[in-house]
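These notes are about the structure you will find just below.
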Amino acid sequence: MIRTHKISQISVDTVNSDVTLGGWVNVIRHLGKLSFVELRDASGVIQLSFISEVTGNEAMNLVSELNPEAVIIVNGIVRLRPTPKNRNQTESALEIEVSTLEIVNNSESLPFEVVTDSPVQESLKIKHRWLYLRRARMQRNIELRSRAFQAIRQWFVSREFLEIETPILFKETFGGAREFIVPTRNHPGKFYVLRQSPQQLKQILMVGGFERYFQICKLFHDSYPRSRRQMEFTALDIEVAFATEADIMNLVEKMFKDIVTTVEPEFSVNQSNPVITYHESLTRFGTTAPDLRFAIELSEINIDKLSLPGFFEIESDPNVYLIRIPKRVAETCKDLALKSLLNGDFKEIARFSTDSASNEYKSADSFFNLFDSEWRCYLTEIQERDLVLMVTGKRDIINKAVAASRKEVAKNIDLKQWKHDWMFLWIIDQPLFKQDVASGKWKSRHQSFTAPKSVEEVFETEPDFERILGREYALVCNGQEMGGGSVRIHNADLQKQMFRLEGLNDSEIEYYFGQLLHALRSGAPPHAGATFSLDALVRMLAGESNISEIIAFPKLGNGIDPLTGAPTSINQRTLDAFHIENSAEDHNL
RNA sequence: GGAGUCGUAGUUCAGUUGGUUAGAACGCCAGCCUGUCACGUUGGAGGUCGCGGGUUCGAGCCCCGUCGGCUCCGCCA
């Protein structure tokens, strides 16, 4: 052992004992013949004192050579500080009176500071990753990530789930994301692909008799990265045999609740997840990933003519809408929300709030009491102090204004202030197919294995693609898509029909999905499952807006890794072994 | 591929209607300082203003092009 203690183990019990510590130089303060050095290891920070009367000459000379972020090993005596630091109580009232100092590795001048949390260009953060990882923020985030993964594994294992690995090297599939291809020397001209999902194999596991499967796994998409997305990302994959939508939704709901509160006990999760349909989410919130913490909501009132003496009159325009601004937004950033909202080319008729203290608005109670009770359903769950606007105008213009308002609020409020609140919801009844803009062809919105709500519909000779809904459920939290899943098809004929609807002929179906269809014909149980982005979960737990802050070694937004320079070209001699010719003009070898 | 935005010291940024020698903070180097703790203090080094072209007596600033970063859309859970 090089060290006798971790820094966190230095306590009042260790006063006057001889200790050897090792770590990084945090901060150096020279005061003439007296020097202080803050030493940092993974467990904490402690002050080292270099005093000429006590410290050896050698160490006194060496300390002047120290640079920040050097690695040192010191031996000395634990002492109570004569003037303990009282400004920051997390710092110890103890220090080490150094007798010997060894500079294991001094440090060059730094491209950015480690001790602060000041902003740094993304490419620098990655190029000098070893430095950026030393920052307290990254130490915290990576530790949090590890704890979250650990908690998830425990949660599932304790419920009789097995974590089963499935191969990363897979076969080309049809649909979904673009895949990375992997050549092999053993089979010239042939390729594996990096899995974009363990979907087919986990279904085969169900057929194979493993009824409760989960896996924390890396998935790969050859698509463009974003601030919340990398080309390779980590997912939680689940599949359960003899399960229905409700089984999976209940399981997942409880799991997220437990994980969030286990990992960050001060966070609060909504008691039960609202379930709304895809269509309802679009019409009410203008998005399929609403943030219920500030869900500025739009709903239409279908009336021809409305006249309420004392309040307002609507003459000819039948397009009347209510916009609800939740109390939280109304209270913290009302002006912000209203300003961007009222930019739109529509007319505000009236404004209500149940805030009786304010004379600015008419009371919602007095307003709604004028109506039949069924009017209230136009706005779900109106709460005390919500602000409600009644407007008239073109739907798409109002929609735009509401979207702009949501965006403005999301951008400007201090989300960290609200990050403790987790508002989950389920989105169900998504159409299974979407039309490709370029080709006009219908293809699966997600993957082709989801059971349709109505089997008859998909066997019609002229199926109405837009109306075919899936037995799907997507989980959304605070405006972030967490993932989702579905009840899978366990009947080979139905599965084959779904592939046909996507335009595949029989030989293509056999080529891409023969293995799955064969398995389904061999005693497949009904099953359902889900996949969730653990990067999204950890990002939210850490309160970060960019995913690269919760990944040890991320890539840039263009897919380049400044740390290693990947991707690079490969020399032709190597490529020859794969029988691959590089037709790109840009060779960097 | 499209839109927006940015590119100035090691880092983060400021830089007015185009005007003389391009600034600040932090960091770095040197001196002084025996209880600092974001130490203080005195001094110093450090810039092809992303790159190329243009307009102008004169460009960090205006115009055109180009490269790169970030965000968003397309793509993608």
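By convention in this document, chain letters (A, B, ...) are assigned in the order of the sequence lines, proteins followed by strands, and residues within each chain are numbered from 1. On a predicted model such as this, the values are computed, not experimentally measured, just so you know.
Under the salt bridge (charged side-chain N to carboxylate O under 4.0 Å, His left out) criterion, A:E245 pairs with A:R471, sequence neighbours left out. Residues forming a salt bridge (charged side-chain N to carboxylate O under 4.0 Å, His left out) with A:R79 (at least two apart in sequence, or on another chain): A:E97. For A:K218, the salt bridge (charged side-chain N to carboxylate O under 4.0 Å, His left out) criterion is met by A:E232, not counting sequence neighbours. Evaluation of the ring pair (Phe, Tyr, Trp, His ring centres under 6.0 Å) rule for A:W155 yields no partner, not counting sequence neighbours. Judged as a ring pair (Phe, Tyr, Trp, His ring centres under 6.0 Å), and not counting sequence neighbours, A:W24 has no contacts. Evaluation of the ring pair (Phe, Tyr, Trp, His ring centres under 6.0 Å) rule for A:Y132 yields no partner, not counting sequence neighbours. Considering only residues two or more places apart in sequence or on other chains, A:F149 meets the ring pair (Phe, Tyr, Trp, His ring centres under 6.0 Å) condition with none of them.
Counting to the nearest Å, the P atom of B:C28 and the CG atom of A:L66 are 12 Å from each other. Computed from coordinates, the A:H128 NE2 to B:U12 P distance equals 11 Å when rounded to whole Å. If you take CD of A:E69 and P of B:G27, they are 14 Å apart, rounded to a whole angstrom. Following rounding to the nearest Å, A:L31 (CG) and B:G31 (C1') show an atom-to-atom distance of 15 Å. Rounded to an integer number of Å, the gap from CZ of A:R29 to P of B:U34 is 16 Å. Rounded to whole Å, the distance from CD on A:Q199 to P on B:C76 is 17 Å.
Within 4.0 Å of A:V27, counting heavy atoms only, lie sugar-phosphate atoms of the nucleic acid but no base atom. Within the 4.0 angstrom heavy-atom criterion, only backbone atoms of the sugar-phosphate kind lie near A:K443; the bases stay farther away. Contacts of A:Q230 with the nucleic acid, taken as non-hydrogen atoms under 4.0 Å apart, are absent. Residue-level contact check: A:K127 touches neither bases nor backbone, having no heavy atom under 4.0 Å from any strand. At a threshold of 4.0 angstrom between heavy atoms, the contacts of A:Q480 with the nucleic acid are absent. At a threshold of 4.0 angstrom between heavy atoms, the contacts of A:G176 are confined to the sugar-phosphate backbone, with no base atom among them.
For A:N67, the side-chain atoms get nearest to B:C29 when compared with the rest of B:C29, B:G35, B:U34. Among the nucleotides B:C76, B:G35, B:C75, the one closest to any side-chain atom of A:F36 is B:G35.
Ring pair A:F513/A:F499 is parallel by interplanar angle, where below 30° counts as parallel and above 60° as perpendicular.
Tested against A:E544, the residues A:R539, A:R140, A:R137 include a single salt bridge (Lys or Arg N to Asp or Glu O under 4.0 Å) partner, A:R137.
Contacts of residues 48-56 of chain A with RNA chain B (heavy atom under 4.0 Å): A:I51, A:S52, A:E53.
Sorted by first and then second residue, the salt bridge (Lys or Arg N to Asp or Glu O under 4.0 Å) pairs involving residues 57-68 of chain A (not counting sequence neighbours) form an empty list.
One donor-acceptor pair, N or O on each side, does fall under 3.5 Å between the base of B:C75 and the side chain of A:R229.
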| note | In 5'-to-3' order, the base (B), backbone-only (S) or no-contact (-) status of each nucleotide in nucleotides 5-11 of chain B, using a 4.0 angstrom heavy-atom cut-off, is -----SS
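A salt bridge is absent between A:D535 and A:R229; no separation between the charged side-chain nitrogens and carboxylate oxygens falls under 4.0 Å. Under a 4.0 Å N-O distance rule, the pair A:E502/A:K441 does not qualify as a salt bridge. Note on A:R445 versus A:E472: no salt bridge recorded, every NZ/NE/NH1/NH2 to OD/OE distance being 4.0 Å or above.
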Protein-nucleotides 71-73 of chain B N/O pairs closer than 3.5 Å?
{"unit_1": "B:U71", "atom_1": "OP1", "unit_2": "A:N546", "atom_2": "ND2", "d": "3.0"}
{"unit_1": "B:C72", "atom_1": "OP1", "unit_2": "A:S227", "atom_2": "OG", "d": "3.1"}
{"unit_1": "B:C72", "atom_1": "OP2", "unit_2": "A:S227", "atom_2": "OG", "d": "3.3"}
{"unit_1": "B:C73", "atom_1": "OP2", "unit_2": "A:R226", "atom_2": "NH1", "d": "2.8"}
{"unit_1": "B:C73", "atom_1": "N4", "unit_2": "A:R226", "atom_2": "NH2", "d": "3.1"}

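Interatomic distance, A:L201 CG to A:F170 CZ, rounded to the nearest 0.5 Å: 4.0 Å.
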| query | Could you write out RNA chain B as a dot-bracket string, with dots for unpaired bases, | for bases paired across to another strand, and Watson-Crick or G-U pairs counted at under 3.5 Å? | reply | (((((((..((((.....[...)))).(((((.......))))).....(((((..]....))))))))))))....
